[in-house]
Amino acid sequence: MNTPFFKVKAKAPSNIAFIKYWGKKDFQKPINPSLSMSLTHCQTITELFVSLEKDDFYLELFFEEKRDKKFEKRVEKYFLKLSEYYPKLLNYHYKIKTLNTFAHSAGIASSASAFAALASCIEKFLHKIYPEEKIKSPSFLARLGSGSAARSIYGPFMLWGKTEECEDSCDEQAICFDAQKMEKLADTILLVDEKVKKISSSTGHELMNHHPYKDKRIENAHQNIKIAKEAFKKGDFPKLGEVIEREALELHALMLTSEKPYILINEKTLAVIYWVREQRKRKGIEIYFTLDAGPMFT
Ligand code: PMV
């Protein structure tokens with residue numbers, strides 16, 4: 001690569017959904033609104049170097065110092081998608097260096113933080129090559145790479161998807177969710193299985209296209225956003241916890257009841273669910289669980 005004429009660095013946290021995004025429509029738009037919390041200790045840090053060469057678009061991507069061709073292919077597709085909005089993006093060569101502050105084998109959704117950090121870099125570059133234009137927000141740009149990445153910008157609580165509960169909400173980008181009365185809310189990540197099984201999120205979203213409970217799921221998600229909003233407003237942690245747990249179980253119930261069923265929770269997952277509930281009941285400790293599309297807990 002010739003000497004870069006532009007370089008930028010950005011970081012972004014991963015996030016865990018309290019109200020789950022499960023199912024897509026159009027291109028990377030959610031079938032229901034979702035609400036998440038940033039995982040501030042799980043960050044992706046990305047550097048983007050841009051140079052001008054004689055030949056066409058080219059990129060190379062290094063994850064933790066090593067060339068990562070699999071992720072490179074995905075990012076290449078991402079640039080092609082972005083070029084539908086900003087064609088000049090394909091006039092350059094890019095070198096991307098990225099690393100996570102958390103173990104990537106741990107099963108924590110790293111595509112959210114990865115695309116959010118990259119989108120933040122690209123947004124800065126777009127301002128340089130399109131100085132006269134209003135550039136889409138980093139959340140909009142991140143969404144085109146991975147849906148949940150739209151919620152890994154700003155934080156600590158983000159809402160994505162149109163809901164009548166929030167006037168500014170939309171399917172194209174996430175917005176900050178007011179959480180003044182929940183400032184003390186903290187997360188702990190528990191890995192219950194070394195060999196974390198995860199369903200690829202695109203497979204999962206596809207399962208929703210013809211899911212027998214699709215309509216009911218959409219209705220529930222809207223209702224749960226309403227409940228969560230009220231809980232946030234009043235600082236009602238038990239109410240919020242209740243809805244978060246219900247959402248986690250519903251996500252897995254949807255997987256269990258899809259045309260091709262997926263069983264991603266295991267006996268360890270169940271043991272932790274019982275343990276969390278026991279701590280609340282017997283010791284009055286206010287902890288609640290949520291699950292991603294695997295056996296892991298937050
Ligand atoms: O952003 P994706 O396509 O990786 O989908 C994320 C899906 C869940 O993690 C299961 C739920 C969510 O809202 O983050």
Side-chain angles (χ1 to χ4, degrees), residues 12-39 42 44 70-71 74-75 77-78 81 100 104 106-119 138-153 155-163 169 171-175 177 187 189 196-209 211 217-218 220-222 224-225 228 243-256 258 262-265 269 289-298:
S14 186
N15 71 78
I16 181 77
F18 287 172
I19 310 296
K20 308 291 181 184
Y21 148 53
W22 203 233
K24 297 183 199 210
K25 61 182 180 196
D26 309 330
F27 187 83
Q28 296 280 85
K29 286 187 185 160
I31 58 169
N32 65 265
S34 62
L35 172 65
S36 67
M37 174 180 170
S38 304
L39 299 174
C42 300
T44 296
K70 198 170 161 214
F71 195 43
R74 191 161 166 201
V75 171
K77 272 198 191 155
Y78 177 52
K81 187 74 207 169
N100 290 343
H104 61 102
I108 300 160
S110 58
S111 64
S113 53
F115 278 102
L118 181 59
S139 175
F140 181 104
L141 300 173
R143 188 198 100 229
L144 301 177
S146 162
S148 56
R151 300 187 313 239
S152 274
I153 308 280
F157 298 96
M158 297 295 289
L159 175 75
W160 173 42
K162 185 69 197 156
T163 156
S169 63
D171 291 341
E172 283 79 14
Q173 60 199 4
I175 56 168
F177 192 76
D187 69 282
I189 298 168
V196 176
K197 262 190 243 125
K198 257 183 91 86
I199 179 175
S200 91
S201 50
S202 37
T203 308
H205 294 299
E206 258 171 55
L207 290 176
M208 287 310 289
N209 290 342
H211 199 289
R217 164 62 195 150
I218 297 174
N220 287 354
H222 281 274
N224 288 342
I225 290 278
V243 78
I244 288 174
E245 289 195 353
R246 209 164 51 233
E247 273 285 318
L249 295 174
E250 187 162 310
L251 171 72
H252 285 267
L254 289 165
M255 286 188 248
L256 289 167
S258 60
Y262 281 89
I263 309 176
L264 297 184
I265 46 173
T269 323
F289 69 84
T290 184
L291 300 160
D292 202 11
M296 187 188 82
F297 274 89
T298 311

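Being a predicted model, the structure only gives us computed values, none of them experimental. Numbering of ligands and ligand atoms starts at 1, following listing order.
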Can you confirm if the NZ or CZ of Arg74 lies within 45° of the ring axis of Phe71 and under 6.0 Å from the centre of its six-membered ring?
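Ring-cation test returns no.
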
Relative to the heavy atoms of [X], which atoms of ligand 1 are at a distance of less than 4.0 Å?
| X | result |
| --- | --- |
| Gly147 | 1 (O) |
| Ala17 | 12 (C), 13 (O), 14 (O) |
| Arg151 | 12 (C), 13 (O), 14 (O) |

Considering residues at least two apart in sequence or located in another chain, which fulfil the salt bridge (Lys or Arg N to Asp or Glu O under 4.0 Å) criterion with Lys77?
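Partners of Lys77 under the salt bridge (Lys or Arg N to Asp or Glu O under 4.0 Å) test: none.
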
Quick one: does ligand 1 sit under 4.0 Å from the side chain of Ser201, the backbone, both or neither, non-hydrogen atoms only?
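It is the side chain that touches ligand 1; the backbone stays farther off.
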
Just to be sure I read this right, does ligand 1 sit under 4.0 Å from the backbone of Ile16, its side chain, both, or neither, counting only heavy atoms?
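For Ile16, no heavy atom sits under 4.0 Å from ligand 1.
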
Looking only at heavy atoms, which two atoms of Arg151 and Asn15 are closest? And how far apart?
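Looks like NH2-OD1, 2.8 Å.
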
[X] to ligand 1: N or O pair under 3.5 Å?
| X | value |
| --- | --- |
| Trp22 | no |
| Ser34 | no |
| Lys20 | no |
| His205 | yes |

What I want to find out is whether Glu247 reaches Arg217 closely enough, with some N-O distance under 4.0 Å, to be called a salt bridge.
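Looking at Glu247 and Arg217, the cut-off is met.
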
Indicate yes or no: does Lys29 engage Glu172 in a salt bridge with an N to O separation below 4.0 Å.
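Salt bridge: yes.
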
When you measure from the heavy atoms of Gln28 to every atom of ligand 1, does any distance fall below 4.0 Å?
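For ligand 1, residue contact (heavy atoms, under 4.0 Å) with Gln28 is absent.
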
State which residues pass ring pair (Phe, Tyr, Trp, His ring centres under 6.0 Å) with His211; sequence neighbours excluded, sorted by chain then number.
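So His211 forms a ring pair (Phe, Tyr, Trp, His ring centres under 6.0 Å) with Tyr213.
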
Should Pro156 and Met37 count as side-chain neighbours, where that means a heavy-atom distance under 4.5 Å?
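Pro156 vs Met37: side chains apart.
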
